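Single-structure report; data block below.
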Amino acid sequence: MIQAQKGTKDILPQDIKTWQIMEEKALDIFNKSNFYEIRTPIFEATELFSRGVGDSTDIVNKEMYTFEKAERSITLRPENTAGVVRAFIENGLFRLTPPIKLWYKGPMFRYERPQAGRQRQFHQIGIEMFGSAEPIADAECINTAVKYLNSLGLNDLNVEINSLGCTNCRETFRNNLRKLILPNLEKFCEDCKLRYEKNPLRILDCKNPSCNELLKEKSIQNLINTDFICEECAEHFAKLKSYLDMLNVNYTVNKQLVRGLDYYNRTVFEIKSNALGSQNAVCGGGRYDGLVEMLGGPATPAIGWAMGMERLFSLIEQSKSQKLDAFVVSDNPAEALKLCEELRCNNISCDFDYASRKFKKQFEKASKIANFAVVLGESELETNTLTVKNLESSEQLNLNKSDAIKLICS
RNA sequence: GCGGGUGUCGCCAAGCGGUUAAGGCCUCGGAUUGUGGUUCCGAUAUUCGUGGGUUCGAUCCCCAUCACCCGCCCCA
């Protein structure tokens with residue numbers, strides 16, 4: 001028996017209603033804020049991700065599905081920011097009047113050990129905004145995420161924000177951090193030693209308890225807590241906070257929020273839920289002002305986020321699929337099919353029994369899946385009428401076809 | 001990459017060395033054959049993830065293997 005691949009899942013009819021709601025709400029909320037959907041390919045040149053997402057990230061180093069085809073190295077997208085940026089550049093979308101507001105949804109692929117809230121094929125929904133470096137763009141971006149989550153009935157989420165500073169102030173901070181860590185470098189874990197070389201900021205969110213202990217050292221805490229970011233970056237962050245206050249978005253500042261993707265600068269944020277277990281981030285994002293230029297486009301500031309839809313799914317109340325308007329009960333499948341066709345043309349959702357089972361069985365099924373039973377038996381065919389039974393109230397009427405349709409539609 | 005757990009019918013499960021391998025849900029059929037959501041009856045696992053081993057005997061013990069789950073790491 002061939003099974004679904006490790007870390008992949010079928011989304012079954014019993015769950016589909018919830019997925020459709022997630023998608024409908026996204027369309028609704030994003031449309032209202034002038035975001036346009038963009039659909040980009042599921043595979044891209046490997047180089048797009050190694051350059052775009054960053055060589056020092058786990059995603060690129062050990063989690064990509066990469067294969068060779070016709071002497072090209074191809075990778076299944078592990079996230080979609082790089083792909084959207086590529087499309088933005090390639091199609092000249094930078095020529096549009098900024099800001100250019102895009103959203104997407106679709107499957108992403110990461111070769112990791114599956115666990116609760118983590119699959120190898122999973123779905124993300126996200127937005128990307130290009131062309132504005134203003135903190136008001138950051139605020140709208142975060143607010144859109146919150147509004148979307150609210151529309152799905154999620155109100156008790158934790159929005160964490162931080163500023164990583166720009167290339168200049170980050171460099172200073174990085175050097176200072178290196179100086180303070182160096183004396184104890186040997187005591188840090190192997191990963192952190194690598195991070196020390198490649199991306200020392202990542203040491204700040206190491207989950208290893210002994211590293212965490214080392215970071216509690218006063219001079220390091222002082223460095224983290226003194227706003228290392230330059231005046232401009234600080235002002236940007238302050239404005240963002242004031243806009244979020246204005247919008248009544250609750251947030252907490254988490255100075256150790258760093259995020260594992262290389263392209264972020266200034267604002268980064270995550271939205272977490274305690275209900276998720278160890279994979280507790282439902283949304284993550286930030287500003288990436290250098291990425292468009294780095295991938296060969298004109299210098300364009302940008303910001304975006306992505307949500308894990310499976311995680312979202314596990315947080316929201318599951319919706320049951322709706323009942324059909326009608327189920328046709330008949331011992332004449334051909335006539336039943338004809339009637340169904342006519343009902344469907346009148347915008348009535350309906351079905352019938354192909355096997356002409358006993359009426360008792362057909363009613364049994366009807367009561368499970370439909371609001372009305374429409375009986376089309378010998379006597380109805382003779383008199384050219386329909387017997388319509390309301391399966392909730394048990395009221396039953398013999399009507400001509402147009403009255404029956406009216407009743408079902410009412 | 002590292003640690004822990006689980007694997008009996010489509011689903012949820014009992015059994016823990018000798019059983020005809022419980023039970024519930026779903027499905028299917030029936031209770032004077034055109035009326036349901038209630039009730040009652042009946043059907044559905046030659047077999048307990050797979051391959052070895054121990055034993056007179058293994059779903060129950062041992063080994064291996066596979067699959068899945070959970071945690072670490074990382075991320076959505």
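The basis for the numbers below is simple: all heavy atoms, side chains too, and nothing from hydrogens, waters or symmetry mates. These numbers were taken from a predicted model, which means no experiment stands behind them. Numbers restart at 1 for each chain; the letters A, B, ... are given by sequence-line order, proteins then strands.
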Original post:
So, is A/Gln279 close to the B/C74 phosphate, meaning a side-chain N or O under 4.0 Å from OP1 or OP2?
Top reply: no

Q) Should A/Arg266 and A/Asp289 be marked as a salt bridge (Lys or Arg N to Asp or Glu O under 4.0 Å) after you check the CA-CA gap, both sets of side-chain angles, and the distance that decides it? A) CA-CA 9 Å; A/Arg266 287 196 167 164; A/Asp289 291 334; 5.1 Å; no

task: Pick base, sugar-phosphate or nothing for A/Lys365, based on heavy-atom distances below 4.0 Å to the nucleic acid.
output: nothing

Check your understanding: Any side-chain N or O of A/Lys6 under 4.0 Å from OP1/OP2 of B/C68?
Key -> yes

Partner of A/Trp103 under ring pair (Phe, Tyr, Trp, His ring centres under 6.0 Å), picked from A/Trp305, A/Phe35, A/Phe30, A/Tyr148, is A/Phe30

**Prompt:** Any donor-acceptor pair under 3.5 Å joining the side chain of A/Lys389 to the base of B/U35?
**Reply:** yes

Residues at least two apart in sequence or cross-chain that pass salt bridge (Lys or Arg N to Asp or Glu O under 4.0 Å) with A/Lys9, listed by chain then number, are none

If pairing means Watson-Crick or G-U wobble with both distances under 3.5 Å, then the partner of B/C68 is B/G5

Check this for me: does the side-chain of A/Arg118 come within 3.5 Å of the base of B/C73 through a donor and an acceptor?
yes

Pairing partner of B/G51, by Watson-Crick or G-U wobble and under 3.5 Å for both distances, is B/C63

When both distances are under 3.5 Å in a Watson-Crick or G-U wobble arrangement, the nucleotide paired with B/C40 is B/G30

Margin query: By the 4.0 Å heavy-atom rule, please label A/Val375 as base, sugar-phosphate, or nothing.
Written below: base

Partner of B/U19 under the Watson-Crick or G-U wobble criteria, both distances under 3.5 Å, comes out as none

* Asked: Looking at A/Lys361, does any N or O in its side chain come under 4.0 Å of the phosphate oxygens OP1/OP2 on B/U27?
  -> no

Hey, are A/Lys272 and A/Glu160 close enough for a salt bridge, meaning a charged N less than 4.0 Å from a carboxylate O? yes

_Base of B/U35, side chain of A/Glu364 - is there a donor-acceptor contact under 3.5 Å?_
no

Short side-chain N/O contact to B/G71 OP1/OP2 from A/Gln115, under 4.0 Å: yes

Counting only side-chain nitrogens and oxygens, does A/Lys358 get under 4.0 Å of the OP1 or OP2 atom of B/A31? yes

CD (A/Gln279) and CZ (A/Arg311) are apart, to the nearest 0.5 Å, by 5.0 Å

ask   = Looking for any heavy atom pair under 4.0 Å, which part of the strands does A/Gly285 touch: base, sugar-phosphate only, or nothing?
value = nothing

